Amino acid sequence: MPTDSLTVIDNRTGASYELPIADGAIRAADLRQVKVDGDDFGLMSYDPAFLNTASARSAITYIDGDRGILRYRGYPIDQLAEESTYLEVAYLLIHGELPTIAELRTWSDVITHHTFVHESMKRLMEAFRYDAHPMGMLISSVAALSTFYPEASDVDNAETRMLQAHRLIAKVPTIAAWAYRHNRGVPYVYPENDLGFTGNFLSMMFRMAEPRYSAHPVLERALEVLFILHADHEQNCSANAMRAIGSSRVDPYSALAGAAAALYGPLHGGANEEVLKMLAEIGDVRHVPDYVDRVKAGDFRLMGFGHRVYKNYDPRAKLIKQTADAVFEVTGRNPLLDIALELEKIALEDEYFVSRKLYPNVDFYSGIIYQALGLPVAMFPVMFAIPRTAGWLAQWLEGSVDSEQKIARPRQVYVGAAERAYAAIGDRRAIEVTSG
Ligand code: CMC
C-alpha cells in the first residue's frame with residue numbers, strides 16, 4: 001500500500017528510517033535521527049543557494065515555473081494586471097483577499113495619508129552626493145525611517161505591524177521620487193493627496209513649475225501594470241532576506257532596507273539596469289549574432305534571460321511586452337526595442353538557450369519601458385523596489401505570525417582546519433593575500 005512517507009536506509013549502519021511526506025516535502029529536521037552512533041549530530045541536508053529547500057509554508061504567491069504560471073493569492077497575474085490597480089493588489093497581498101469598494105476606499109485613504117515623510121528625512125537625503133546611486137539612497141533612507149518610528153520595534157503587536165506596513169507602502173514612493181530629484185538637482189516635490197498612487201508618484205518625479213502635474217493616462221496605467229507585475233514573487237533572494245532579517249524580530253524598516261539591498265544586485269532587481277547597458281553596448285541589430293556567440297562562449301551572460309524558477313516564458317515578460325507597445329504609442333518607439341526583439345528571436349531558436357530552458361524574464365523588457373518614460377537606468381531597481389515593498393511586507397507579516405518560524409539560522413558543513421596549536425607571531429608563515 002502506498003503511504004505518504006519516504007524510507008531511508010543508512011548504508012553506514014544498515015538502519016532504516018521512515019520520514020513522513022507532507023505537501024511534497026520531507027522535514028529536513030527529520031533527517032537528524034539518522035545517526036551513526038549516539039555522539040553523531042545527525043544527518044543534515046546540504047543545499048547551497050536553497051536550490052531544493054522550502055524555507056516557509058506560504059499562502060501568498062504561487063509559481064509553476066515549468067508551466068509559466070504566476071498567481072497572487074490564487075488570482076492569475078494576467079487577470080490582476082488587466083483588471084486591478086496596484087493598490088488593490090497590494091491589499092490582496094497583505095490581507096489575502098481583494099478589497100470591496102468600501103475596503104479599497106479606506107485602504108487608499110490610509111496609504112495616501114502616510115505618503116509624507118518627516119522633514120528631517122528630506123535633510124538626510126539632501127546630504128547625499130549629487131550623483132549618489134538612487135538605490136543606495138533608497139536603502140539608507142528606508143533604514144533611517146526606523147529611527148522616526150521607534151514603536152515599530154514592537155513587532156509582536158499586530159496593529160503596530162500593520163501601521164508600519166501602511167507607512168512603508170506609502171513612503172517608499174516618496175523616497176524613491178526624491179532620490180531621482182536629488183540626482184537631477186531639482187527641488188523635491190511633496191505628495192499630492194488627491195492623486196492616485198501611480199499618478200502621485202509620477203507627479204513627485206516629474207512636476208516642475210506647473211501648479212499641478214497630470215500624467216498621461218496610458219503611462220499612468222502602464223506603470224500600474226508594471227507595479228502589479230513586480231509586487232511579489234514568493235521566496236526570491238530579497239523576500240528571503242526580508243524574512244531572514246525579520247526573523248530576528250527587528251523592526252520592518254531595517255528588514256526592508258536589507259531586502260532592498262538584496263534586490264539591488266545585478267542578478268536580481270539590478271538586472272533590468274544591466275539589460276539596458278547590454279542593449280546599448282550591442283548598439284545595432286546587426287551585432288546581435290556576434291553578441292549571442294560570445295554569451296555561448298561563456299564570456300558573459302545574456303542579462304534579462306534565465307530564471308531559477310521559470311523554465312518557460314516568464315508570464316510577467318509577456319505582459320510587459322504588451323505594455324511596452326501601449327507605452328511606445330505615446331512616447332515613440334525606443335530604438336533599443338528592435339535589438340531586444342532580435343536578441344529574443346535568436347536566443348529562443350538557439351540550442352544553447354533552448355536546452356537550458358533560458359527564456360526572457362521580467363527584467364528583459366521593463367527597462368526599455370522605464371527608459372521610454374524618461375527614467376535613467378540607475379532608477380530601474382528603484383522602480384522594482386516600490387511595488388515589491390507590498391510583497392516584502394506580506395512575506396514579513398506572514399512569517400511574523402507563523403508559529404513554526406524561528407530565527408533563521410542555517411547549518412554549515414565545516415571544511416576548515418581541525419584543532420591545531422596556536423602559532424606565536426614569530427613562528428607564522430606568510431601567505432599570499434589579494435591586495436585590495
Ligand atoms: N545567459 C547565458 N547563460 C545562462 C544565463 C544567461 N542569462 N542564465 C543561466 N545560464 C546558463 C548557465 O551558464 C548554466 O549553464 P551550464 O549548465 O552550461 O553551466 C545554466 O544556464 C544554468 O544556470 P544557473 O546559473 O545554474 O541558473 P540559476 O538558476 O542559478 O540562475 C539567474 C538564475 C537568473 C541568476 C541566471 O539565469 C542569470 O544570471 N540571469 C541573468 C541575470 C538576470 O536576468 N536576472 C534577473 C532574474 S529575474 C528577476 C529577479 O529575480 O529579480
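Values in this document were obtained by computation on a predicted structure and should not be read as measured data. Each ligand, and each atom within it, is numbered from 1 in the order the structure gives.
At a heavy-atom cutoff of 4.0 Å, ligand 1 is contacted by the side chain of Val362 but not by its backbone. Only the side chain of Arg356 comes within contact range of ligand 1, with a heavy atom under 4.0 Å; no backbone atom does. Residue-level proximity to ligand 1 for Phe364 is absent, since no heavy atom of it falls below 4.0 angstrom. Looking at His307 against ligand 1, both its backbone and its side chain come within 4.0 Å, counting heavy atoms. The parts of Leu302 lying near ligand 1 are both backbone and side chain, judged by heavy-atom distances below 4.0 Å.
Remark: minimum distance from atom 2 (C) of ligand 1 to any protein heavy atom is reached at Val295 CG1, 3.6 Å. Of the protein's non-hydrogen atoms, the one nearest atom 3 (N) of ligand 1 is Tyr352 OH, 3.0 Å. Shortest contact from atom 41 (C) of ligand 1 to any protein heavy atom: Phe305 O, 3.4 Å. What sits closest to atom 34 (C) of ligand 1 on the protein, heavy atoms only, is Gly306 O, 3.7 Å. Annotation: atom 50 (C) of ligand 1 to nearest protein heavy atom, His268 ND1, 3.2 Å. Ranking protein heavy atoms by distance to atom 47 (C) of ligand 1, first place goes to Asn361 ND2, 3.6 Å.
Note that atom 39 (O) of ligand 1 has protein non-hydrogen atoms nearby, at separations under 4.0 angstrom. For atom 26 (O) of ligand 1, the nearest protein heavy atom is 4.0 Å or more away. Counting protein heavy atoms under 4.0 angstrom from atom 22 (C) of ligand 1 gives zero. For atom 19 (O) of ligand 1, no protein non-hydrogen atom is found at a distance below 4.0 Å.
Tyr291 and His287 have their aromatic ring centers separated by at least 6.0 angstrom. The ring of Trp107 has its center no closer than 6.0 angstrom to the ring center of Phe197.
The pair Asp64-Arg67 meets the salt-bridge criterion, with a side-chain N (NZ, NE, NH1 or NH2) lying under 4.0 Å from an Asp/Glu carboxylate O. Salt bridge annotation for Arg161-Glu151: absent, with no cationic side-chain nitrogen under 4.0 angstrom from a carboxylate oxygen. Salt-bridge formation is detected for the pair Arg27/Glu404: a Lys NZ or Arg NE/NH1/NH2 atom is positioned less than 4.0 Å from an Asp or Glu carboxylate oxygen. Between Glu398 and Arg57 there is no salt bridge, since no side-chain nitrogen of the basic residue lies less than 4.0 Å from a carboxylate oxygen of the acidic one. Residues Lys318 and Asp78 are not paired through a salt bridge, judged by the lack of any N-O separation under 4.0 Å between the basic side chain and the carboxylate. Between Glu274 and Lys277 a salt bridge is recorded (basic side-chain N to carboxylate O distance below 4.0 Å).
Ring geometry, His233 versus His307: the interplanar angle exceeds 60°, so the pair is classed perpendicular (tilted spans 30 to 60°).
Of all heavy-atom pairs spanning Ser366 and His230, the tightest one is CB-CE1, 4.2 Å. Nearest approach of Arg249 to Val155, heavy atoms of both residues: O-CG2, 3.7 Å.
For Arg356 and Tyr352, the positive end sits near the middle of the six-membered ring, less than 6.0 Å away and at most 45° from its axis.
If you check each of Arg308, Met303, Lys311 against atom 33 (C) of ligand 1, the one with the closest non-hydrogen atom is Arg308. Across the listed options Asp363, Val292, Asp299, Leu358, Leu358 owns the non-hydrogen atom lying nearest to atom 10 (N) of ligand 1. Between the choices His230, Glu274, His233, Arg301, the shortest heavy-atom distance to atom 13 (O) of ligand 1 belongs to Arg301.
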With a 3.5 Å cut-off and sequence neighbours excluded, list the donor-acceptor pairs that the side chains of residues 295-303 form with protein atoms.
unit_1	atom_1	unit_2	atom_2	d
Lys296	NZ	Asp350	OD1	3.4
Lys296	NZ	Asp350	OD2	2.8
Asp299	OD2	Arg294	NE	3.4

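Of all atoms in ligand 1, numbered sequentially from 1 with element shown, those under 4.0 Å from a heavy atom of Ala271 are 43 (C), 44 (O), 45 (N), 46 (C). Proximity to Gly304 (heavy-atom distance under 4.0 Å) selects the following atoms of ligand 1: 43 (C), 44 (O). Near Gly269, with a cut-off below 4.0 Å to any heavy atom, the atoms of ligand 1 are 52 (O). Heavy-atom contacts of Leu267 reach the following atoms of ligand 1: 39 (O), 45 (N), 46 (C), 47 (C) (cutoff under 4.0 Å). Less than 4.0 angstrom separates some heavy atom of Phe384 from each of these atoms of ligand 1: 52 (O).
Annotation: Glu103, atom CD; neighbour count of heavy atoms from other residues, nucleotides and ligands within 6.0 Å is above 12.
Between the side chains of Asp251 and Ser153, no donor-acceptor pair of N or O atoms lies under 3.5 Å.
Between Phe300 and ligand 1 there is no heavy-atom distance shorter than 4.0 Å. Using a 4.0 Å cutoff on heavy atoms, Asn236 does not count as a contact of ligand 1.
Every N/O-N/O distance between Arg316 and ligand 1 stays at or above 3.5 Å.
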